Amino acid sequence: AMALFFILTMTGLSTIAARQLFGDHRYMRTIFFGVGIVGTVALVFHALSLDLAAVKLVHALQYPVVLVILVLVRPLVRP
């Protein structure tokens with residue numbers, strides 16, 4: 001339950017950061033789909049007994065990895 005809370009918190013903070021960095025909500029859907037895809041892949045890895053990889057993916061969603069990606073991608077996006 002706490003992992004889900006942290007994932008939702010990081011997703012929310014990422015959408016707020018994307019709005020601040022890029023000026024609108026055009027990347028909100030991409031962030032939600034990306035988080036959903038990574039979560040689904042983690043669930044599949046867990047079902048296939050690849051627990052180490054599943055835990056790494058879930059940790060990437062819980063920690064501010066998405067925020068770091070947003071900051072790194074910012075210079076590459078045209079206004």
Side-chain angles (χ1 to χ4, degrees):
M2 287 299 287
L4 180 62
F5 171 74
F6 283 118
I7 291 170
L8 291 175
T9 302
M10 282 292 111
T11 304
L13 289 173
S14 298
T15 57
I16 292 169
R19 175 153 169 75
Q20 293 296 318
L21 288 172
F22 303 112
D24 56 9
H25 287 294
R26 63 183 164 193
Y27 296 109
M28 184 172 61
R29 190 175 304 157
T30 305
I31 292 169
F32 285 134
F33 282 137
V35 168
I37 288 170
V38 172
T40 303
V41 170
L43 184 62
V44 169
F45 281 175
H46 177 69
L48 295 174
S49 298
L50 299 170
D51 290 329
L52 184 61
V55 169
K56 299 277 185 191
L57 287 173
V58 170
H59 282 168
L61 292 177
Q62 291 176 358
Y63 300 128
V65 172
V66 179
L67 295 172
V68 172
I69 291 170
L70 285 173
V71 172
L72 292 175
V73 170
R74 174 63 181 117
L76 303 174
V77 177
R78 291 184 229 166

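Computed over heavy atoms, backbone and side chain alike; hydrogens, waters and symmetry mates excluded. All figures in this text were calculated on a predicted structure; none of them were measured in a lab.
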Problem set entry | T9/L13 under side chain to side chain contact (heavy atoms under 4.5 Å, CB included): CA gap, chis, key distance, verdict | CA-CA 6 Å; T9 302; L13 289 173; 4.1 Å; yes
Exercise. When Y27 is tested against each of V77, L21, T15 for side-chain contact (heavy atoms from CB on, under 4.5 Å), which residue passes?
Worked result: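 Exactly one pass, corresponding to V77.
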For this session: Evaluate the side-chain proximity of V66 to T11: yes if any heavy-atom separation is below 4.5 Å, no if none is.
Result: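 Side-chain contact under 4.5 Å: no.
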Only distances under 3.5 Å count here; give the side-chain donor-acceptor pairs of residues 37-57 to other protein atoms, sequence neighbours excluded, each with its distance to 0.1 Å.
| unit_1 | atom_1 | unit_2 | atom_2 | d |
| --- | --- | --- | --- | --- |
| T40 | OG1 | G36 | O | 2.8 |
| H46 | ND1 | D51 | OD1 | 2.9 |

Problem set entry | Other ILVMFWY residues reachable from L8 by side-chain steps of under 4.5 Å |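 L8 clusters with L4.
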Exercise. How far apart are the closest heavy atoms of L61 and M10, and which atoms are they?
Worked result: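 Answer, listing the atom of L61 first, then M10: O-CB, 3.5 Å.
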Problem set entry | CZ-CE distance between F32 and M28, expressed to the nearest 0.5 angstrom |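 The CZ atom of F32 sits 5.5 Å away from the CE atom of M28.
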Residues in side chain to side chain contact (heavy atoms under 4.5 Å, CB included) contact with [X], at least two apart in sequence or another chain:
{"X": "A18", "result": "F22, I31, L70"}
{"X": "I69", "result": "V65, V73"}
{"X": "Y63", "result": "H59"}

Problem set entry | Where at least one partner belongs to residues 14-25, residue pairs that pass salt bridge (charged side-chain N to carboxylate O under 4.0 Å, His left out), sequence neighbours excluded |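 Applying salt bridge (charged side-chain N to carboxylate O under 4.0 Å, His left out) to every pair that reaches into residues 14-25, excluding sequence neighbours, yields D24-R26.
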